There are 4 protein chains.
Amino acid sequence: MPDPNRRNENSRRAILDATRALLAETGYADLTVGAIAARAGAGRQTIYRWWGGKSAVVLDALVDTVAAEGMTLPDSGDLRADLRAVLRATVAEFADPVLSATTRALTIETLADDDLAAQVRDRLLRPQLDAVKDRLRAGGVPPEVDLDLAVELLFGPLYHRWLLRTGPLDQDYADGLVDLVMTAIGDRRSG
Amino acid sequence: MPDPNRRNENSRRAILDATRALLAETGYADLTVGAIAARAGAGRQTIYRWWGGKSAVVLDALVDTVAAEGMTLPDSGDLRADLRAVLRATVAEFADPVLSATTRALTIETLADDDLAAQVRDRLLRPQLDAVKDRLRAGGVPPEVDLDLAVELLFGPLYHRWLLRTGPLDQDYADGLVDLVMTAIGDRRSG
Amino acid sequence: MPDPNRRNENSRRAILDATRALLAETGYADLTVGAIAARAGAGRQTIYRWWGGKSAVVLDALVDTVAAEGMTLPDSGDLRADLRAVLRATVAEFADPVLSATTRALTIETLADDDLAAQVRDRLLRPQLDAVKDRLRAGGVPPEVDLDLAVELLFGPLYHRWLLRTGPLDQDYADGLVDLVMTAIGDRRSG
Amino acid sequence: MPDPNRRNENSRRAILDATRALLAETGYADLTVGAIAARAGAGRQTIYRWWGGKSAVVLDALVDTVAAEGMTLPDSGDLRADLRAVLRATVAEFADPVLSATTRALTIETLADDDLAAQVRDRLLRPQLDAVKDRLRAGGVPPEVDLDLAVELLFGPLYHRWLLRTGPLDQDYADGLVDLVMTAIGDRRSG
DNA sequence: CTATAATCGAGACGGTACGTCACGTCTTTGC
DNA sequence: GCAAAGACGTGACGTACCGTCTCGATTATAG
């Protein structure tokens, strides 16, 4: 119904900025449309005019921040070392409160809204996973190994521990995980 | 504050039953404390007296059912087969729309509420993971393998795929996962 | 806090109408804010936005009706007769069960809430008393008589008997009261 | 139903004491049965066993405090002076916060409960009014004056001003009131 | 001098109304 | 015709009391 040409770009940006700020401050659950509008100096209706509601705004706010980082893994020749670097970086992200809060919010979105979940998966997650997949392929993993599964074998336990807090999520965990997965995919101390 | 000795067991059961029934009918999001109370023929205050709110009741309702099931894995002598059975069952649970939606919603709550997270982890999840851990230990896994890590290597990818819908979550996936993990933990066709 | 300019006049009127209707049907004690809102087709919040609660709405509902009546006493030239008419009318109001119950309830609130008391006094009562005062002044009452006291000499006993039910509250009582007060303020059969 | 012989006198007294204390502290409206029971160290059921509810307890608490004072007016020979003394005393009662709160609570009772109103009227009020009536009769008031009306002419305006706060309630008011009433009942400087 | 029955303090129970909060829509006023 | 502002109907929230009911523990008669 509304005409996108006449849309106010300042309002749009102010709303997304306010959303990010409030996400970090209060978390997703305590976030309200009214609070976003107030913080952005916008009317509540402006949000409902251009987005479907809280979840759509949050998704929009997060996607264009997180996306579009260089999505190829470095190849040092040592696969085990490269994977360690990636997983250690992921652990570090989870340890950072702001980044963790953001991922948390994003995950909630993914859980609650099937339609938006696809976007998150394809625009944010897939590039990262595919980069690791490419590195695995280049690392000489036997062809009979399902690379999608292998990638999830790396990240799945990490997410699991982060989500469910089943134990400490530190570099040792990342390293141990890499070692196990290297064995699983047939490594004999090469890479 | 309230005295657990004087608690009315009938009310407790009626509330948990009503919660399960309404979860199946309306889903978690549209579930309200008032509706639970009405369905259970209980007062709303009775729910707030014994639980913290909707999420706590739902957790209790789920734990209540899961707890009834014996929390030791069958030991057929064939570790690989037993693990396949467990993971296939988990996949089946995730395939059930009601159970899946409930777990999804509870996971969202978990992200916002640390206390709830601990409860979910310890009462809902840990027993299941520990049962698998016990089966691994009995299965002759080499002592240098970190069993906690091994268990998360089994369930982490499953949760990852379920949460982020990165691909089909079916029995083939479960089987492939078991095979990889068996290799990771040094299986040589025994168990 | 809210802006009176943006107030919805339809809601205001519907709420006051509903209040009067429910007062007549159920009485003051069984009146609830929720019932008023439901009957008026309004939101409960709308009532709390503009009034302090049940008592304030009831007060407004009553003022609204009383204010419509012209607040000057007829001057027939015969002061005694005019006063009789006023007091007889007051007695009649007290005889009406609905009006009587409402005034009774409002008086109870008045005893507990100083702000409400001031409102009742100034908006509901004072206009009536002042009208009588004006009539007394026009009727040639000697200047040394305190008119405020004179007015209360008329209405005080009426309220007393109504409140405390010390005896029949009928037209004879009103007439006898007027006669006594006429004597008190120095009447010699004029006016 | 309950057996009055087995009634615990300590509980009874503690409840009535607590009621009086809370009346003075919080007023009638904010008084709750639970608070009375808690303050009295009694169970809530004990109150419901022996009284009908809040109003019945309050009545009971007040009646046996206020009642049974010497209920005859002094006769100095000067009727005007004696009436002044009575009305000034009443004004003083209304000025005392505790006594005023008590009367306030009692008045609320009178307003809200028809059945109990009669008891209040007959056991508390009537003796006082009758005492004044007797003094008027002894003071040589002309026989054609309705003494009930005359008494209410004295106390009605006082209650009116107290209830509705239409002006200052002080000794001057009491004196002016007595003067007017003396005129009304035909006084020519005697008594 | 028991026993046995009612009262007691305590407090959980099914309810009902409260006053608040956020929702998503609608209305007003000014660019 | 979009925007800021904010009132509106709706409905869930969590709290406070209500009056009833269920507990042992404590009297206080009646056998």
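Note on naming: letters A, B, ... go to the chains in the order of the sequence lines (proteins, then strands), and numbering restarts at 1 for each one. These figures come from a predicted structure and were not determined experimentally.
Nearest to the side-chain atoms of Val33(A) among the listed nucleotides dG24(E), dA28(F), dG11(E) stands dG24(E). When distances are taken from the side chain of Arg49(A) to each of dA3(F), dC13(E), dC26(E), the shortest belongs to dA3(F). The listed nucleotides are dG24(E), dG19(F), dT7(E); the one nearest the side chain of Tyr48(A) is dG24(E). The side chain of Arg44(A) lies closest to dA7(F), out of dG9(F), dA7(F), dC8(E).
Between Trp50(D) and dT7(E) there is no side-chain N or O to OP1 or OP2 distance below 4.0 Å. A close approach under 4.0 Å does not occur between any side-chain nitrogen or oxygen of Thr32(A) and OP1 or OP2 of dC21(E).
Atom CG in Asp30(A) sits about 13 Å away from atom P in dC21(E), given to the nearest Å. Protein atom CZ of Arg39(A) is 15 Å distant from nucleotide atom P of dA5(F), rounded to whole Å. One interatomic measurement links the two molecules: CD of Glu9(B) to P of dC13(E), which rounds to 11 Å at whole-angstrom precision. Atom P of nucleotide dC8(F) and atom CZ of Arg12(C) are separated by 12 Å, given to the nearest angstrom. As a whole-Å value, the separation of Ile47(C) CD1 from dT20(E) C1' is 15 Å. Atom CZ in Arg7(B) sits about 18 Å away from atom C1' in dC21(F), given to the nearest Å. Across the protein-nucleic acid pair, Asn10(D) atom CG and dT7(E) atom C1' stand 13 Å apart, rounded to whole Å. Lys54(C) places its NZ atom 13 Å from the C1' atom of dT16(E), with the value rounded to the nearest Å.
At least one cation-pi condition fails for Arg6(B) and Trp50(B): the charged atom is not both under 6.0 angstrom from the six-membered ring centre and inside a 45 degree cone around its axis.
Gly41(C) comes within 4.0 angstrom of the backbone, heavy atoms only, and of no base. Residue-level contact check: Trp51(A) touches neither bases nor backbone, having no heavy atom under 4.0 Å from any strand. Residue contacts for Asp3(C): at a heavy-atom cut-off of 4.0 Å it reaches the sugar-phosphate backbone alone, with no base atom in range.
Judged by closest nucleotide on DNA chain F, Thr46(C) is the one of Thr46(C) and Gly34(D) placed further toward the 5' end. Both Asn8(C) and Gly52(B) sit near DNA chain F, but only Asn8(C) has its closest nucleotide nearer the 5' end. When the nearest nucleotides of DNA chain E are assigned to Ala35(C) and Ala42(D) by heavy-atom distance, the more 5′-ward of the two goes with Ala42(D).
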Assess whether side-chain contact (heavy atoms from CB on, under 4.5 Å) is satisfied between Lys54(A) and Thr32(A), documenting all intermediate values. CA-CA 7 Å; Lys54(A) 169 164 99 161; Thr32(A) 67; over 6 Å; no
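Side-chain contact annotation: Gln119(B) with Arg123(B), donor-acceptor N/O pair under 3.5 Å present. At a cut-off of 3.5 Å, with distance as the only test, a side-chain donor of Ser100(B) or Trp162(B) sits close to an acceptor on the other residue.
One can find a donor-acceptor pair under 3.5 Å joining the base of dT22(F) and the side-chain atoms of Arg6(B). Not a single donor-acceptor pair, N or O on each side, falls under 3.5 Å between the base of dC13(E) and the side chain of Gln45(B).
Note that CG of Leu163(C) and CG of Leu163(D) are 5.5 Å apart. Values are rounded to the nearest 0.5 Å.
A salt bridge links Arg39(C) and Glu25(C); the closest N-O separation between the charged side-chain nitrogens and carboxylate oxygens is under 4.0 Å.
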